[in-house]
Every structure is written in structure tokens, then in C-alpha cells.
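What follows is one structure encoded as C-alpha cells, with my remarks underneath.
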Amino acid sequence: MMFFRRHVQKAIPANNSTASSSSIPITLHTNNNIAEDEHESAENELSTTPTAISPLEKTVYFSNEIDSPSLTTSTTEHLSVKHPGLLRLFDSTVCTVSMIISYLFSSKEPIVQQFLGKKLFDLPYEELDFYLPQLINMYIHIQSISNVIHDYITSRCSQSVEFSLQCAWLLDAYIADQMKVAKPNAAVRLLFDILYEKYKPKISYIPTTINNLGNNHHRLDEEENENVNNQDDDMKSERALSQDNLMLQINRKKGHQKSRSDVSERSLPIVNGETSKQYRRQARLCLGDLNSGRAFDNNCICFESVNGFRRRECTCNAPKLAPVREFMTALINIGKKLPHVPTKEKKTQNLIGEMKRMNMNLPARIWIPFYKFPHHVVRIAYTESTVLNSRDRAPYIVYIEVVLCDNVFASPLPIKQHESKLRSTRSEENLTHHINNHQIPSNGVAIGGYLNCETQSLDSELIDSYRSFVNSEDADIWSTSDDVTSDDQQQQQQQQQQLQQQQQQSVARRNGLIGYRSNHTMNINPETLSIRSTESHLSQQEIMPSDIRKRLTEVKTTGPILFERDPEDPSAAALKEPWDKKEQRIRQSSPYGHLRNWRLIAAIVKCGDDLRHELLAYQFMVRLKEIWLHEHVPVFVRPITILVLSNNSGLIEPILNAVSLHQIKKNSKLSLRNYFLREFGTERSEQYLTAVKNFVQSNAAYSIICYLLQVKDRHNGNILLDDEGHVIHIDFGYMLSATPKNLGFESSPFKITQEFVDIMGGLQSDMYGYYKILILQGLLAARKHMDKLMPIVEIMQHGSQLNCFSKGNVTLGLRERFHLNMTDEQLEFNVEKMVESSLNSLTTRVYDTFQYYTNGISK
Amino acid sequence: MSADTNNSNKSFWPVKTALKEKIVVLYDALLTGDQPWLENGHYWDDFFLLKVNSKYLLEELERTYIEKPSILKPQLNIMFDQCLLFVNSTHRIRQLNAYYTICILIHVISRVNQRNGFGYPALDFLCGTEGAENKFETLIESVNHTFLIDESFSGSTLLKNTAFDVVLTCCTTMLNINENMLMDYMMANANLFDSIMQLVIRSPASHGYDICLLLALLLQYHKYDTSNTYIVRFSVFDDEVALTSLAQIIGSSLNEYNKAYDIERTANESSSWWSSLTTFVGSAIQSGTGNRRMKKVDDCLLLAFYEAVHLNRNFISALTHTATNSWNTKGLSLSNNDSLPPSLPAMSAPSGHVVQDQMDLSDMEDFSGSNNLLSIFLEYCSIIQQFSKNEDMCNTTKLCYLILLCITEDEFANATMHDENVIFSVYLHKAPMRHRKRNSEKNPPSRPLAVALLDLTMEFIWSHMMRNFPYDLYTKCIGIIQRILSFQKRTRTRLSYPWRPLWNALITLLKFLQNCESQLTKHRDLFQLASKIINIFNLFITFGDTFLRTPEAYDEVFYETVRCYHIFDNLFAFACRYANNDNEYKESALKLMVNLTNIKLITHHFNTKIEAFSNSQNNPLTENQVLDIIRNNYDTLALKLHDDLDQYDSYSEKATEASFFANTTRNIIGNYRRQYTLDTNSSVQLSNILLNEVPTIS
């Protein structure tokens with residue numbers, strides 16, 4: 001009892017801990033067995049106390065604890081006494097994150113758990129974050145563990161918004177089943193604490209990062225603020241002199257940043273600086289209201305530079321998690337609505353409409369979590385979004401334009417660009433600027449105060465011509481990327497016309513625009529440079545209809561192999577288009593395309609499906625991939641990143657340049673082998689051979705995965721083929737003990753059909769043999785590192801109500817499939833047998849036929 | 001004092017003397033030239049607290065103006081000043097009544113001054129020349145302030161409505177808007193623009209019509225010869241939310257009209273179909289009467305639409321904005337006249353709620369996806385153009401085609417219309433004609449909007465070959481086709497469209513032009529129109545490789561021209577006749593002959609081949625045989641290259657349509673003024689509604 005009191009007393013004050021820490025082990029040493037028991041109970045007491053203390057105190061308590069080495073040392077010492085071997089293991093270099101997690105789960109001893117709970121702080125974030133689902137699952141289901149990792153999670157939450165978001169989503173997803181049966185527990189409390197931002201994720205902006213990432217950022221900054229930079233020289237000097245003017249510029253800039261003022265046009269000179277400021281303050285919080293135009297704006301203005309100064313830390317109480325969460329909610333809500341729309345075609349139309357509405361609220365300080373580079377979402381390429389194949393649910397793919405930045409919260413957002421302006425946005429700003437010029441002296445009084453220097457009359461035509469004037473300047477600026485000479489001509493032409501009458505000026509505007517566009521198209525079709533349009537000035541030249549027709553025939557035959565647009569399967573054409581082509585095309589049509597750091601990313605939004613299976617499969621595959629890489633087994637696997645948002649919704653990273661076997665067969669009307677020949681060239685060509693090699697290597701990997709995880713529902717719609725010949729499996733909704741509708745089809749270990757073997761070159765071919773060898777090697781490697789694989793599944797099984805854990809002892813089954821008891825020769829024989837049985841499996845064919853008749857998926 | 005007024009009023013209100021309202025007593029006291037507020041300290045408080053009797057006040061003011069203007073002037077000035085005071089009061093009833101009173105004052109002055117114009121004398125009479133500028137500035141400021149009241153305030157909608165009444169009364173004092181001096185004050189206080197645009201975002205449902213009307217009028221003032229602040233502001237306006245909202249206001253009204261028309265049409269399909277159609281359109285135009293915020297598609301909405309498309313490039317992207325979950329079309333029918341216009345974006349509707357709403361089967365039809373402004377507008381055009389015999393409707397059709405012309409000149413709009421991902425199902429109404437079936441297919445397949453637009457123009461061409469030939473509309477129609485083709489040529493867009501029906505329509509039109517030579521050449525330069533049509537064929541022939549989808553389509557161009565060679569021959573002969581004599585059309589006839597060169601070459605070249613071939617055969621040739629001949633004989637054919645086939649004079653309002661827009665504005669103002677007399681009655685009702693709300697307000 002003496003010890004207990006002392007221990008508790010010492011734990012709280014942090015400063016005198018060093019002295020006492022040394023004494024504790026001594027007392028412990030001298031104590032007899034009963035004392036040791038007491039000590040254990042004391043430790044138990046201690047580990048449970050935090051839940052009793054009010055949350056605020058708790059964090060203080062823990063933060064003290066973290067700072068002071070006393071307790072850590074003491075548990076270390078305890079451990080060193082009780083399990084010296086274990087301690088040495090944990091401190092050694094061979095100790096991996098995987099081991100720590102698995103010990104944390106398996107160890108029932110509080111000292112060990114507590115030690116590991118502290119140990120987490122030392123681990124690298126990235127490696128540990130991989131096991132976040134496991135940590136969260138343990139937090140939810142195992143109270144003793146939740147106690148020891150609580151402080152780790154909360155301290156990470158207070159450091160990063162990203163981590164808070166991940167925790168919140170995972171907690172939400174994994175608590176969900178449990179909530180139904182039990183009353184709210186610690187995990188639910190944690191979830192709400194995170195959501196209400198009790199841990200105040202800190203956002204700080206260290207200006208040194210500018211220097212590090214230097215150039216990139218500055219350029220971005222310049223591009224964003226072109227309107228300020230690109231003004232006349234005399235104007236610049238004027239601006240430098242006049243303080244008022246400077247203020248006005250700043251205000252104007254703010255106004256155009258859209259986020260603060262309700263009407264960006266407010267920044268026009270008629271409203272002077274003060275009122276526009278006033279409007280900034282009034283800006284209402286409209287999080288989640290897509291019609292407001294500011295649905296993803298949390299009104300945090302801490303990092304906006306004021307007179308060139310920038311704060312280093314966010315001090316306002318604006319919700320930090322809300323913008324991204326609202327964005328995800330918006331995406332999911334659309335997904336929930338879509339299944340009620342009757343046809344595929346209408347679904348896609350609806351989707352495009354919804355995406356356009358989302359666009360009104362962009363750019364915003366939001367990001368797509370599974371792309372790790374910091375970025376701002378600036379626009380959704382809404383016309384590209386399309387519904388994917390699925391019978392009852394409506395998962396859809398969206399293409400999102402982002403701009404890289406160095407800090408999501410602090411870097412300035414790109415200025416809102418209007419769709420229809422393409423790249424010539426600055427015309428408006430410059431017009432504003434000119435009006436500014438004339439308006440300042442006669443503020444508020446003038447009728448007809450505008451532009452009185454240039455001309456006496458102003459009508460719509462003139463505005464047009466004004467724009468064209470500005471446009472021609474634009475052309476000059478942009479000409480670096482376009483054909484310079486033609487642009488110069490364009491400009492000269494325009495400037496000449498500028499001197500002429502108004503009416504012609506307005507023509508010039510159109511021409512300017514047209515000229516700009518045609519430059520664009522020239523970029524797209526360099527070989528068909530529009531000779532015609534230049535010729536058309538030379539009168540009475542002869543033309544030959546035969547040439548015209550020949551060109552038309554060529555256009556038709558030499559085009560890239562693309563899938564035809566099909567209203568019943570709108571995604572096929574969209575997914576078949578090569579990614580770089582798509583990116584280039586979208587970049588050209590995007591008003592943000594000119595930004596240097598522009599990127600296109602894609603995401604599949606799925607709701608109504610449980611993505612937790614997918615997440616488990618993803619983790620499993622990532623580990624397997626590492627193992628294979630480590631063991632030099634040349635197989636190919638492509639894990640698909642998953643973002644679980646709740647127990648029935650989430651985001652999936654799309655596989656680029658890949659279409660499903662079903663879509664291939666339906667669109668090309670060819671057997672797979674012939675399709676390979678058409679896509680990759682003749683049988684002897686290097687490209688074809690590489691593609692076949694890729695096909696074999698990926699097939700081997702997925703055969704192993706499908707076997708180990710017992711992945712079912714392997715119809716052709718769930719197997720993709722990418723542009724290098726790799727096979728990639730998707731949709732791990734049915735694995736381990738879960739089977740589609742529990743029909744018990746698909747009894748074979750994995751899917752390998754005659755068609756696949758045909759691509760490999762037949763049963764006698766080397767490639768087919770290579771395939772079997774790869775499977776064997778892969779299995780051997782997996783078996784060797786089975787300790788890394790098992791915890792992933794084991795931990796997730798704990799307390800889980802996922803389908804895949806519903807029947808039988810899943811982990812035992814998984815363990816058995818590694819065939820620990822077999823010799824290498826036995827395993828080889830076993831592999832042979834499995835391939836044989838899969839190939840001859842009746843059930844695979846039955847299942848494909850079943851899918852063909854029920855869902856129309858090609859055999 | 002009151003006895004005195006009673007006497008003078010006897011002829012008007014002999015019976016009701018005893019029952020006179022208190023407000024009437026106050027009016028009378030004022031109109032006799034006394035200064036009742038000197039005796040009664042609460043005179044003005046009472047005056048504005050009581051419900052405005054607009055009818056009485058209007059009549060009395062007018063009468064007094066005619067009988068003794070010298071007495072009236074100082075009283076009016078004082079009234080106006082007091083109104084301005086109370087307009088800024090915090091007491092909502094008084095504020096509302098002050099607004100009403102101002103409306104009446106301005107209206108009376110404008111009515112009695114209609115001949116002289118609303119210039120300085122009228123202004124002087126109303127509020128005195130001194131400080132008039134400041135007074136109106138105050139007025140507009142307070143209107144502005146009222147516009148920005150938060151919607152959650154009860155009665156805010158009514159207040160805003162009356163504020164709209166005031167500015168609209170100011171804008172409509174003269175039929176010719178340029179003669180309206182009050183507009184100068186509007187121009188000077190351009191803050192009004194900001195608050196209107198705020199309103200567009202905040203409450204498009206309740207004020208959509210007023211906003212459009214006001215905007216359209218403001219943009220018309222001295223359009224060409226002086227700087228109009230609003231034109232500048234509107235043309236650079238770039239708030240996507242507001243523009244989208246504006247598009248939805250216009251779109252919802254048009255959509256409603258389309259639906260009403262559809263209901264009427266299907267209802268009458270079995271019975272005497274044709275007669276009911278004409279009566280429907282008549283009734284639809286008048287259906288707005290009696291309803292303050294009326295629903296019918298007024299020209300002012302189209303005018304606002306036109307100005308948006310014409311002036312603001314940013315508006316173009318709002319054209320295809322689909323309002324997915326916000327269209328509450330339930331309970332909308334002709335019978336349901338009292339309902340407000342369809343509620344626009346439910347500003348605060350929680351999304352979860354929306355999801356539930358959409359589960360309703362009745363809403364399923366809304367998933368047709370056609371509820372974006374452009375596709376609605378195309379359907380609307382197809383309805384309106386059926387009735388362009390009617391002069392009024394003809395003007396509306398013209399406005400529609402001007403809008404389409406502006407749209408097809410915009411690169412971004414063209415790109416959107418040709419985007420294969422942006423597809424909509426647009427139902428185009430077709431005029432019933434003896435020789436063809438009506439299209440009964442209710443939900444046509446979704447296609448890019450350019451297809452629908454081309455179909456619309458084709459339908460126009462087919463249905464308007466009549467004695468009263470709408471030359472102007474035809475020019476615009478052909479212009480639209482030319483612009484679309486030019487875009488396709490320029491950007492190498494290969495639209496999937498069956499061109500053959502379009503060629504047939506154009507060829508038939510050429511034939512019609514020749515047949516009606518006698519009637520038409522008197523007024524119109526047919527050769528110019530024919531030249532434009534021929535140019536479209538030349539575009540296909542010379543640049544087919546840049547925008548046709550298949551080589552077969554190119555063969556078909558030749559097939560159709562060869563098939564109808566006699567029409568082209570006749571046209572050539574027709575042009576020859578005029579080119580050889582001296583007449584006003586000589587030049588354009590010559591030009592037409594030049595434009596026909598290629599077609600002459602083609603018909604001549606292939607006809608000789610075909611003749612040679614058919615002579616060797618007994619049976620008449622099949623289409624495929626002819627196509628074969630064409631395909632095999634390209635090599636020996638050489639054509640002339642024409643200049644600038646894809647160049648067009650870009651649309652310029654000032655040059656060609658100035659008088660049309662002046663006239664449209666005049667009609668809109670006249671229309672407003674006609675209804676205004678009715679509105680003053682309903683204003684009493686409105687203030688009644690407000691009175692019912694009193695407990696909740698103050």
C-alpha cells in the first residue's frame with residue numbers, strides 16, 4: 001500500500017521525478033511476492049483511472065506524463081524485470097511497427113501494453129498510420145488497450161487535422177455496428193471529442209517552408225496575383241506612393257478571392273474599401289450549403305496576408321475538420337440520390353448537374369485525403385464525371401482538378417476563375433483597374449464618369465471592344481505556350497482594328513477569341529494544321545473534293561482505339577481514354593489549366609457498400625507487396641487505396657488506364673488474346689511479350705491473394721486489365737467467409753480460365769509454367785513472412801461484425817492456407833493441384849454464366 | 001374643415017360620406033391646401049399608420065392636379081418629404097405605407113405628365129427642384145436598405161415587394177425610357193445593382209420576376225449614347241452563384257410555361273386540337289392578370305435573358321447549370337394560379353430532406369435532366385415559333401432567335417453545346433401540318449444541345465414557308481446554322497447528326513423562295529438570303545473534312561445536290577434574270593450566281609456521269625448506284641474555293657436591332673403600366689396581409 005500511494009504521488013508532479021524513479025525499482029526489488037501483486041493491481045488502477053478523470057484534466061495529466069520520463073522509465077524498468085527479453089526486443093533494431101502492433105494486441109499484460117502505448121510515440125508516423133484501422137479497432141473493442149493508446153491518439157489529433165479526420169472516419173465506421181448493441185462508450189466519446197475539435201488540431205505555418213520549397217511557391221503566388229503584377233508601370237509607381245491606393249489594391253485582391261465577400265464584384269470602385277471590409281466581416285458561415293457558393297469555407301482568415309504580413313498560426317475558432325467533411329458529405333449525398341434516378345444516362349446527367357453545383361463552391365481549402373501531396377481542390381471537371389457499372393448502387397467516378405501548394409491551410413487559394421473565360425480572365429480585372437483609375441477622383445458622384453478619357457460614349461459594343469483590347473494583351477502574355485508568330489499577327493491585326501470603328505472592334509473581340517481557340521486546336525491536331533483557313537483568303541483557288549474525302553476517310557481510320565460511347569455503360573469510354581490524354585484535354589479546357597501546379601486526380605465515390613472489407617484487403621495486399629519486393633519475387637500487385645468514410649460509404653482510388661474484362665469484351669467483341677494482339681502488337685513484338693509477361697506476373701499475384709483471402713465474386717466486371725497488360729482485381733466485398741448471396745458458387749481456389757491460359761500461350765507454354773512457379777515462390781515468401789500478415793486480419797476480426805468474419809474461425813482458416821506443415825515440394829505439388837482444379841473448375845464457369853444472365857456481364 | 005371636403009366630394013361619394021375612412025379624411029385635409037400637421041402633432045404618424053387607399057388618393061390627386069395645381073404643389077412636396085422620412089422609419093407599417101404613397105405620387109405625376117415627359121417641371125412639381133437629387137438618393141438608399149433586410153424578418157418579403165414597386169414605378173414613368181429623368185438618379189446610385197444581385201442569391205423565388213424586370217429596364221436606359229453604369233457593372237459581373245440563380249429564375253418561368261402548354265395541349269388533343277391551341281396562347285398571355293407576382297413568361301424575362309447572354313460572358317456557363325434537387329414542380333398547373341413561381345433553390349433545405357423528397361415517384365419525372373435553362377429555352381422557342389403569325393408572338397420569337405444568335409457566337413457556349421458528355425433530352429414541339437405526323441415521343445433520347453438547336457432551326461424552316469414570309473427570322477435562323485457550322489469547322493468537332501433532313505429543308509426553302517418571287521421580291525432581298533443558304537452548302541462541300549463524321553456523309557452532300565439539281569438550276573436562272581437588268585437587287589443576284597458556281601460544277605459534272613450510266617441501263621438508278629457513281633468520280637472534279645465561308649458579321653445590336661429593342665422596352669413598360677392600375681388595388685390587399693401580421697412584427 002505504501003508503494004501505491006507513493007507511486008501515485010510521484011506520477012503527477014513532473015519535476016522531481018528523476019529522483020524517485022530510481023527509487024521505485026529498488027523498492028520493487030526488495031518487495032516480496034505480495035508486494036508485486038499489489039504493484040500489479042496498482043498498475044491496473046492507474047491504467048483505468050484516466051477514464052474517470054474529466055477529459056480536460058486527462059489531457060493535462062497525460063501531457064505531463066509524456067513530458068516526464070519518470071513513468072516511461074518506470075514501466076521500462078518494470079518490463080526489464082518481468083520480461084527482459086521482450087524489452088530487449090522492443091529496443092532492438094529488428095523491432096518493427098508490425099511487431100509492436102501485434103504485441104500490443106496479443107499481450108494481456110498491462111505493463112507490456114502500457115509500455116507499448118508509450119512506445120508508439122517513438123515510431124515514425126507514416127508506418128504507424130498504416131495500422132491506424134487496427135489501432136482504432138482495438139480502441140473500440142479492447143478497453144485496456146484504449147486506455148494505453150488514448151493519449152497517443154489525442155496527441156496526434158491535436159497535431160494534425162489530417163490525422164483527426166482519419167480517426168473520425170475510422171471511428172465512425174467501426175463503431176457503427178457496435179452502437180446498435182451497446183451504450184456509448186469511450187470510443188464514441190473520442191469520436192465526438194474529435195468532431196467537436198476538443199483537441200484543437202493546431203495549424204501553424206512556418207515561413208521557412210517557403211524558402212525550402214521556395215521557387216515553387218513564389219511562382220504560384222505570382223500567378224495567382226497576376227492582376228496585381230501585370231499593371232502598367234506608371235500605375236505601379238503611383239501605387240507605391242499612395243497609401244490609399246495600396247489599401248485599395250489589397251481590398252480589391254481580397255474581393256476577388258471570392259471567399260470573403262458575398263459578391264466578388266463588390267470590389268468594384270463604387271464600393272469603397274470600408275464597405276468591402278464590412279462585408280468581409282459579415283460573411284456568413286454557410287458550411288454545407290452548396291447553393292451559397294461557400295459551402296466549404298470555414299471563414300478562417302488567419303493566414304491571409306495583411307499588408308504583406310502573414311500570421312504563423314491559426315488563432316480563430318473556425319472549424320478545421322468541417323470543410324473536408326462537408327465536401328465528403330456532399331459527394332456521398334449525391335451518391336445516395338443517384339440510385340433513384342431511372343436510367344444510366346439520366347444518372348450521369350444528374351451527376352454532371354450536381355458536380356457543376358459543387359463547382360460553385362470551389363476553389364476551397366479542401367483536399368482529397370488519399371493523395372498525400374498537399375493540394376487545394378480548385379474545380380471538378382464536371383462533364384467528365386460518370387456513373388460506373390453497378391446494378392443497384394451507383395458508384396461514380398469524379399475527376400478533380402487540384403493545385404499543389406505547400407500548406408493547405410496557409411497557402412493562398414487560387415482566385416476563382418470563371419468557366420467561360422477560359423484563360424483570359426484578367427480582362428475583367430484590368431477593366432476594373434481602368435475604371436478604378438477614373439473613378440477614384442469622382443467617387444460616387446459620376447454619371448458617365450467611366451472611361452471619359454478614352455471616349456465620350458460607352459455602350460455594350462465598347463465594353464466588348466474593351467475586352468478585346470485586354471484580350472489582345474492576354475494573347476501576348478500567353479503566347480509563350482502557343483504559336484508565337486500567329487499570335488503576333490493576331491495582335492497586330494487586333495490593334496489595327498482597335499483604331500478603327502467601334503463596330504469593327506467588337507468583331508475583333510470575336511476574332512481574338514476565335515484565334516485563340518484555333519491556336520488551341522492546332523496544338524491538338526498539329527498534323528492537320530488548318531491550311532484551309534489561310535487559303536481561304538486566296539480567292540478562286542481550286543480545291544479537289546477527292547482530297548477532302550480522302551482526308552475524311554483517314555480521320556476515321558487512323559483515330560486512336562477508343563470505346564464508343566454507350567448510354568448503358570457510360571464509364572467504359574471514359575475509363576478507356578488514356579490518362580495522360582485525358583489530363584491534357586481537361587487541362588486545356590480548364591480555366592485553371594495554366595497554373596503551373598495544376599494536377600488532375602480522380603476518385604471513385606461509393607456509397608451503400610461496406611468499404612471496410614476493401615480496406616482490409618488493401619492492407620493485406622500492401623504487406624504482401626512489400627514481402628514480395630523484399631524476397632525478390634517478380635509478381636505484380638496493385639493495392640487500391642481506400643478511404644473509409646463510414647460503415648457504408650467511402651472513396652476509392654481509381655486504377656488509371658484500366659478497363660474491366662467485361663467492358664473489353666463487350667466493346668471490342670474480341671477474345672482476350674485477340675484483344676491483346678490488337679492493343680500490343682504482333683505476337684513477336686516486344687510490347688506484346690512484355691504485356692504477356694505482365695499479365696502472367698499479375699495473375700500469379702492475384703491468384704495467391706484470391707486464394708489466401710478467399711476472394712469471391714470474381715466475374716469479369718471485377719477484373720481489370722490495364723494498358724500494360726496487368727490484371728488487377730477490384731471489389732473485395734466478398735472474401736474470407738463471405739460469399740455472394742451465400743450461393744456457394746466459386747469453389748475453386750482462384751480464377752484462371754482457358755482464356756487466360758490462351759494469353760499465356762497455352763498449357764504447354766513456358767509462360768504457363770512461369771505462372772505456376774511464380775505462384776509457388778509467392779506463396780513461399782508469404783509463408784515466410786506470415787507474421788506480418790496475420791495480425792492485420794486478426795486484430796480486425798476482434799469484435800468485428802463484418803461479413804467476412806461471420807462464419808467459422810476465419811483466422812484459423814487463413815493460417816491453414818499458408819500450409820505451414822508442408823515441405824516446399826509438397827507445396828509445389830499443391831500449387832499444381834490448385835491451378836489444375838481452378839482451370840477445370842466447373843463453378844467458375846457456372847458463376848460466369850450466372851453473372852451473364854443476371855447482370856449481363858460477359859462470360 | 002372636413003365639412004368643406006365633404007361638400008366638394010359630394011358628386012363622387014354621395015352615399016359614403018358618413019362611412020368615410022379615416023385615411024380619406026386625412027387625404028382630404030391635405031388636398032385642400034391646409035396644413036393639418038400644424039394643428040395635429042401626430043398627423044403624419046397617423047397618416048402613415050393607416051392603410052393606404054390608393055384608388056381614392058390616385059383619383060383625388062389627379063383631379064386636384066387638373067383643377068388647382070398651385071395648391072397641390074406645396075402639399076405634394078411636403079408629402080414627398082414626409083414619405084422619405086417615414087421610409088426610413090423602423091416602424092414597418094409606416095415604412096410600407098410610405099413606400100406605397102411614394103408610388104402613388106410618382107405614378108400620378110407621371111400619368112399627368114405623360115405628354116410632356118418626366119423632366120424638370122414634373123420633378124419640380126413632385127419634390128421641388130432644390131435637393132431633388134439628394135432626395136432621390138435617400139430614396140434609393142432606403143430601397144437598397146430594404147432589399148438587404150434579412151429574410152427571417154416577418155413581412156420582409158412584402159416590404160421588398162413595395163420597394164420594388166417604388167423603383168419600378170420610377171423606371172416606368174415614361175413609355176420611352178430615355179425620356180425618363182428619374183433614371184438618371186438610378187444611374188447615379190449604382191449600389192442598387194449590388195443589392196439586386198444579393199436578392200438574386202437570397203430570395204430568387206419571391207422576387208425573381210421583379211429583379212428581371214428591373215434589371216432589364218435599367219440596362220435599356222440610354223443604351224448606346226451615354227454611359228450606363230449598370231451595363232458596365234453587369235457586363236463584368238462574375239458571381240457564379242448570382243448568375244446561376246438568375247438563370248434559374250428565367251429557366252423556371254419558361255419551364256412553367258412549357259409545362260402549362262403541354263398540359264393544355266394533351267388535354268385538348270382529342271377534341272378540336274387546333275382551335276384550342278390558339279385560344280390557349282391567348283389565355284396564357286392574359287393569365288397574369290389579377291396576380292401581383294404573375295407567372296406568365298413576360299418579355300421582360302426574355303429581355304433580361306438576352307442582356308445577360310449579350311453582355312455577360314460569365315452567364316454562358318450558367319446556361320447549362322442543371323438545378324437538380326431544387327425544382328419543386330408539384331402543384332403547378334394552369335388552375336393553380338395563386339401559387340408563387342416554382343420555388344427555386346431551397347436555400348436552406350437540408351440535403352437529407354431532399355433525398356427523401358426525391359424518393360417520391362412524382363418527382364421521378366424531374367430526372368429527365370432537361371431542367372437547365374438552355375434546354376428549357378429551346379423547348380420554349382419551339383412553342384413560341386409555332387405562333388409567329390401573331391405580331392406579338394413574332395416579336396417574342398425574334399427575341400428568342402437573337403438570344404440564340406448570341407449564344408452561338410460564344411465559343412464557350414458552343415463548346416458546351418457540342419460536348420458529348422453534356423447531353424439533354426429536349427422535346428421540341430412541332431406545328432401540326434397536314435403532310436406529317438406529330439412527334440408523339442415524349443422523351444426523346446438525350447443528345448448534345450447543338451443537335452436540339454439544329455433541329456429547332458430545321459423545324460422553323462419547315463414551318464414558316466408562308467405567304468407572310470418572316471424574312472428577318474429566316475436570316476437569323478440561317479445565321480445560327482452558319483455559326484454552328486463555323487464553330488465545328490474551326491474546332492474540328494464532329495457532331496453526330498443526320499444532316500440530310502437539314503439539307504432537304506434548306507433546298508425546299510430555296511424552292512419556296514423561287515415560287516414566291518412575285519410576292520417577296522417587292523420587299524425583301526431574296527438573293528441575299530439565298531446566298532446565305534448556298535453558303536451553307538458550300539461549307540459542307542469545301543470543309544466537310546473538318547466536321548463531318550464519316551466519308552459517307554460527304555457523299556450524301558453531293559447526292560442531295562445532284563438529286564435536286566433543277567432547283568439550283570432554276571435559282572441560277574432566277575438570279576440571272578435580275579443580274580442582267582438594272583434593278584436594286586442586281587448586285588446581290590450577281591453574288592448569288594458566284595456562290596452557286598460550285599454547285600453548278602457539281603451538278604453538271606455528276607449529271608453527265610449519271611446520264612451516261614443510266615443510258616447503259618434500263619432500270620432507274622438506285623440510290624446506292626448513284627452514290628457509287630459519285631464516289632468513283634471525285635477525281636475528275638475540281639471546284640473553286642470561296643472566300644470566308646465561315647466568316648460572319650458578328651451580331652451587333654446597335655447597328656441592326658436598336659429600334660426593335662426600343663420597341664420591346666416600350667411594350668414592357670406599357671405592359672407594366674397597364675397592370676399597375678390593377679396593382680394599386682392589390683397593394684391594399686398586401687397591406688392587409690401585413691396588418692394581419694402586425695402582432696408578429698412589432
Side-chain angles (χ1 to χ4, degrees), chain A residues 262-266 268 270 291 293 333 336-337 340-342 345-346 349-350 352-354 356 360 383-384 418-421 428 431-432 447-448 450 457-461 463 503 506-507 510 513-514 517-518 521 525 532 535-536 539-546 548-549 551-553 556 565, chain B residues 184 187-188 190 194 197 223-227 231-232 235-241 244 311 313-314 316-317 321-322 324 345 347 351 355 358-359 367 369 409 411-412 419-423 446 490-492 542-545 548 550-551 554 634-635 637-641 643-644 650 652 654-655:
Chain A
D262 282 340
V263 178
S264 68
E265 204 248 358
R266 216 165 260 298
L268 274 173
I270 296 124
N291 287 321
N333 278 342
K336 281 183 186 153
K337 265 180 258 172
H340 306 293
V341 183
E345 196 176 42
K346 301 260 159 74
Q349 280 172 24
N350 227 285
I352 290 174
E354 292 280 5
K356 195 161 183 186
M360 292 204 306
T383 54
E384 305 296 326
H418 219 280
E419 293 272 311
S420 50
K421 281 179 222 157
E428 260 71 358
L431 179 56
T432 315
I447 305 166
Y450 293 114
S457 72
L458 181 119
D459 59 10
S460 55
E461 248 61 69
I463 292 164
Q503 202 176 324
S506 82
V507 177
R510 313 282 181 192
L513 212 65
I514 291 159
R517 252 308 177 97
S518 63
T521 48
N525 293 327
R532 299 250 142 260
E535 274 177 2
S536 67
S539 181
Q540 297 306 315
Q541 213 180 11
E542 295 237 310
I543 50 160
M544 303 297 292
S546 51
I548 294 171
R549 194 177 188 281
R551 275 199 291 274
L552 200 50
T553 328
K556 216 199 163 192
R565 200 164 290 275
Chain B
D184 282 343
M187 293 298 131
D194 297 320
M197 285 307 163
K223 238 181 168 177
Y224 312 110
D225 44 11
T226 196
S227 56
I231 290 180
V232 180
S235 60
V236 297
F237 187 67
D238 64 353
D239 187 316
E240 201 179 359
V241 180
T244 310
L311 290 175
R313 279 166 64 196
N314 302 328
I316 297 289
S317 71
H321 187 100
T322 316
T324 38
M347 288 301 169
S351 41
V355 174
Q358 297 212 337
M359 305 232 183
F367 288 125
E409 274 186 18
E411 285 294 296
F412 180 76
D419 192 331
E420 288 194 342
N421 290 322
V422 187
I423 49 173
S446 299
R490 217 161 44 230
T491 60
R492 301 180 170 263
T542 350
F543 299 117
D545 56 332
L548 286 175
T550 58
Y554 192 64
Y634 278 126
D635 294 339
L637 179 66
L639 300 174
K640 294 270 183 285
L641 187 69
D643 289 340
D644 301 335
S650 57
S652 146
K654 193 187 175 188

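Every chain is numbered from 1, with letters handed out A, B, ... down the list of sequences. These numbers come from the heavy atoms of this one structure, side chains and all, not from hydrogens, waters or symmetry mates.
Closest approach of L637(B) and M544(A) over heavy atoms only: O-CE, 3.2 Å. The minimum heavy-atom distance linking M360(A) with T244(B) is given by the pair SD-OG1, 3.4 Å. Heavy atoms only, all atoms of each residue included: L548(B) and L552(A) are closest at O-CD1, 3.4 Å. Of all non-hydrogen atoms in I548(A) and T542(B), the two that sit nearest each other are CD1-O, 3.3 Å. Residues P545(A) and Y634(B) come closest through the heavy atom pair CB-CD2, 3.8 Å.
Per-residue counts of heavy-atom pairs under 4.5 Å with chain A were compared for L639(B), V422(B), V241(B), D635(B); the largest is that of L639(B).
The part of D419(B) that comes within reach of chain A is its side chain, from C-beta onward, which places non-hydrogen atoms under 4.5 angstrom from that chain.
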